[in-house]
Amino acid sequence: MPYFDVSIPLKLKTLTYCYDEDIDLKGYAVKVPLKNKVVEGIVINKTEKPENLVQIREIQQIIGKAYEEKFIDFLKWMSFHYVSEIGSVLRATFFEEIMKILKEIKIKKSSRKIKESIPFQLKDYSLNNETLSKIIEIATKGIFKTFLVHCPNFLYEMKLMVETVKGVSSLDGAVLLIVPEKRDAQRLYSSIKELDSRVVLLHSEMPRSEILYSIKEIIENRVKIIVGTRFAVFAPVKKLSLIMVSQESQWVYKEEQSPRYHARDCAVMRGFIEGCPVILTDFMPSTTSYFNTLIGKYEFIDDFNRLKHPEIKILRQPYQYIFHPETLLYLKLYHKEGILISCPRSGYSLLRCGDCGEVIKCEKCGISMTFQKSTKKMECFRCGFSMTVPELCPNCSGVSVYPVGVGIERVKEELKNIFSDKQTEIKDIEIETEEFQGIWVGKPERAKKGILSVFKGVVVVDFDFFFFIPDYRILEKAFAKVLLLSQMIKENGTMFIQTRNPGNEFFKFIRSYNFRDFYLYELKHRQETGFPPFTRLIKLAVKLKKTASVVSIDKIKNFLKSKVSGELLGPLKNEDEFVFILRSRDKKKLIDELNKAVIELNTFKGISFKVEVDPVNLKI
DNA sequence: AGCACGCCGACT
DNA sequence: GTCGGCGTGCTC
C-alpha cells in the first residue's frame, strides 16, 4: 500500500497516512483522521512505510489539487530554511482561502470596493531603456536569474515596475510585484489598474473576504499582475513570468510571527524553484544584496545616476549652538523657499552629568531619556516612563547636569531667537501638506519615500545619534535615511549634515554618493566583526515549563554546543525565556545542524522554543 | 477522598 | 488547534 506524508496546518510535523490507490498526490488536499477528529491537510510527498509505527491510518478523502508541485518544494525549503514545522508554513500560505475555493464554498460577492488610491505620478521619469529591455528579455527567456537594480529613488522603482508590466504583458505567466507597505501596494495597484484590469491586490490589512476574492481570481487564472506586501510572495499563481521586489533592503519584509520568513529571500528562492527571473530594486540596496552581486549571485545594474542628486555638505556640529555658521547663513537666505530640519528626537535634549559623563537613562529600559524644558520633566520614549529632572546625577550624585544632544523643542527655541521677526513660520513636518515653504522641523522617520523635490534644503542636526544605535546594519540604514532626505530636495538645493565627527570615513562616501566604496568599507568591517553576510545569525529562545525541574538551561546549552558548530552566545534571560544567539561562518551547515538539533530538542521534556533565522534585531 | 482546573504533550 | 492525562490544590 502506498504511503504519503501529509502536512496539517498546525504546529506539527508531517504525518504519514496510507491510501489504497497508487497515484501521485503531491500537492493534493486530503481529509485525514487525527486523534478522534477528521482534519484537512496537504500531501507533501509519497513516502515509504515508517518502520517504527505500528498503526498507520488511512486518507479518508481526496478533496482536489490545492498546490502546484513546485510550490510544495518552495514550502519545503521554507520549512527547512526557517527551521519551522511545515504545518506552520502552510498556515502562512493562503491555505484557508485555497481550501474554500477548492470546496466551492460559495463566496459571497463582497462589495469589492477597493478604496481607490492616487496613482503614482510617473510621467516625468525617464527610465534607462537598457535596464528595461534587459528585464523583459530575461523574462521572455523564462529562466531564473536575480538582478539588483540600484535606482535613484522610490518613484523610479515604481516606474520600472509599471513599465516592466507593460513590456511583459504578452508573456504566458503572471508578474508578482512586492512592495514594503500597504499604502505603496494600494498606489501601485491603482497605477497598474489604469493600464491593465487583470490585476489584484494582496496586503494583510485587507478584509479576509477581499483576500479570498484575490486568491480566487489568481487560482482561476484571470490574473496577470499581483501587487502586494510581503505575504504576496505566497500567491498561488500557476505560472510566474517575473518577480519584482522594491525597497529590498527594508526590514518590514521580515515576518514577526512564525515562520519568520524574509519576503525578499523567499522571492529569490521562489524564482529559483519556479524558474523565473527576480528583480530586486532599491535606492540604498542592502549590503548583503550588494555582496551577492560581488560574488556573482546577482547581477548589478546601476541606474542611480539617472537623476541628479543634491550636493551634500558635512559640517561640524557646534556644541553651544545648534547650527553651524554655514547652515545658519543658508537658513537665513533660503528659509522662504522651504527648509526641513531633521532632528533625532522630540523634547529639548538629553541630560548629561558633568562629573561622571553619563547620560541620564531610563531606570526601566535603560535607554537615554529626553528632557522637556517646558515641563521640566524627563521622558522615556520607548516605555513612556516619566519623572521630574533629578537634582543629583542618579549615577554618581554629581551636581552639574547639563543638556547634550538636540531635540525638536531645542531647535524651535533657537530658531525663534534667530528669526525674531515673527513672520517666519516654524512648523512641525506634516507629510499630508501640499506646500513646503518656510521652516519645518521633524524627526527623520517622518521622511516619506513618495515625497520628492519639495524643499530648497535639508539640515540634519546631531547626526551622531545614529552611531549610538547598537545594530550591525546601522551604517547602511543611516545612509538610506540621508538619501531619503536628500530626495526631498529640489534641484540646485543643498543638504547639510551636522556631526561632531566630520572626519569619520563614512561621510566621505555619503558626500560623494560613493556606494561602491561604502559597501567595500562596510563589508570589510562586517567580515572582521563576524556579521552577515559573512556569517548567519540565528536566535533561539527557550522556555522552561514549570515541570521542567529535570532539565536545566545549562543542559540545553551543552546540548546545543555539542550539536551546532560555530559560536553559541547566551543565554540571556528575558522574562521567562532564555535567549541564545547562534552564529557561524558556514551558513548552510548552521541551518542543517540546527534542523537536526531541533528534532532532538523536541524530545526534551518540559521545554518549548522558538527559532528566528536572520533575526531583525539581536536585542533580547 | 473527590473533583475542578490548568498545564503539557501528542497527534500518523 | 484540540483533546486527554495527570498533578495540584481546594472543599465537602
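We name chains A, B, ... by the order of the sequence lines, and we start the count at 1 in each one.
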Nearest-Å distance, [atom1] ([X]) to [atom2] ([N])?
{"X": "A:Arg57", "N": "B:dA10", "atom1": "CZ", "atom2": "P", "result": "17 Å"}
{"X": "A:Asn36", "N": "B:dC11", "atom1": "CG", "atom2": "P", "result": "13 Å"}
{"X": "A:Met1", "N": "B:dT12", "atom1": "CE", "atom2": "C1'", "result": "14 Å"}
{"X": "A:Leu34", "N": "B:dC11", "atom1": "CG", "atom2": "P", "result": "9 Å"}
{"X": "A:Ile42", "N": "B:dT12", "atom1": "CD1", "atom2": "C1'", "result": "17 Å"}
{"X": "A:Leu10", "N": "B:dG9", "atom1": "CG", "atom2": "P", "result": "17 Å"}
{"X": "A:Leu12", "N": "B:dT12", "atom1": "CG", "atom2": "P", "result": "9 Å"}
{"X": "A:Lys11", "N": "B:dC8", "atom1": "NZ", "atom2": "C1'", "result": "13 Å"}

task = Using only side-chain N and O atoms of A:Lys35, determine if any of them is under 4.0 Å from OP1 or OP2 of B:dT12.
result = no
query = Can you check whether A:Lys605 has a side-chain N or O nearer than 4.0 Å to OP1 or OP2 of B:dA10?
reply =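 Yes, such a contact exists.
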request  = Answer with yes or no whether A:Lys13 presents, from its side chain, a donor or acceptor under 3.5 Å of a partner atom in the base of B:dT12.
outcome  =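 Counting by modelled atom types and ignoring angles, a donor-acceptor contact under 3.5 Å is found here.
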Do the charged groups of [X] and [Y] touch, with an N to O distance under 4.0 Å?
{"X": "A:Lys449", "Y": "A:Glu157", "result": "no"}
{"X": "A:Lys539", "Y": "A:Glu577", "result": "no"}
{"X": "A:Lys26", "Y": "A:Asp73", "result": "yes"}

message = Of all nucleotides in DNA chain C that come within under 4.0 Å of a heavy atom of chain A, which is furthest toward the 5' end and which toward the 3' end?
response = C:dG1 to C:dG4
inquiry  = Side chain of A:Thr16, heavy atoms from C-beta onward: which of B:dT12, B:dC11, B:dA10 has the nearest atom to it?
reply    = B:dT12
task = Would you indicate whether A:Glu593, at its atom CD, is surrounded by more than 12 heavy atoms from other residues, nucleotides or ligands within a distance under 6.0 Å?
result =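 Result for CD/A:Glu593: enclosed.
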query = If you draw a 6.0 Å radius around CD1 in A:Ile295, do more than 12 non-hydrogen atoms from other residues or ligands fall strictly inside?
reply = yes
task = For this output row, return yes or no: ring centroids of A:Phe74 and A:Tyr67 closer than 6.0 angstrom.
result = no
query = Is it true that A:Tyr261 and A:Phe234 have ring centroids separated by less than 6.0 Å?
reply = yes
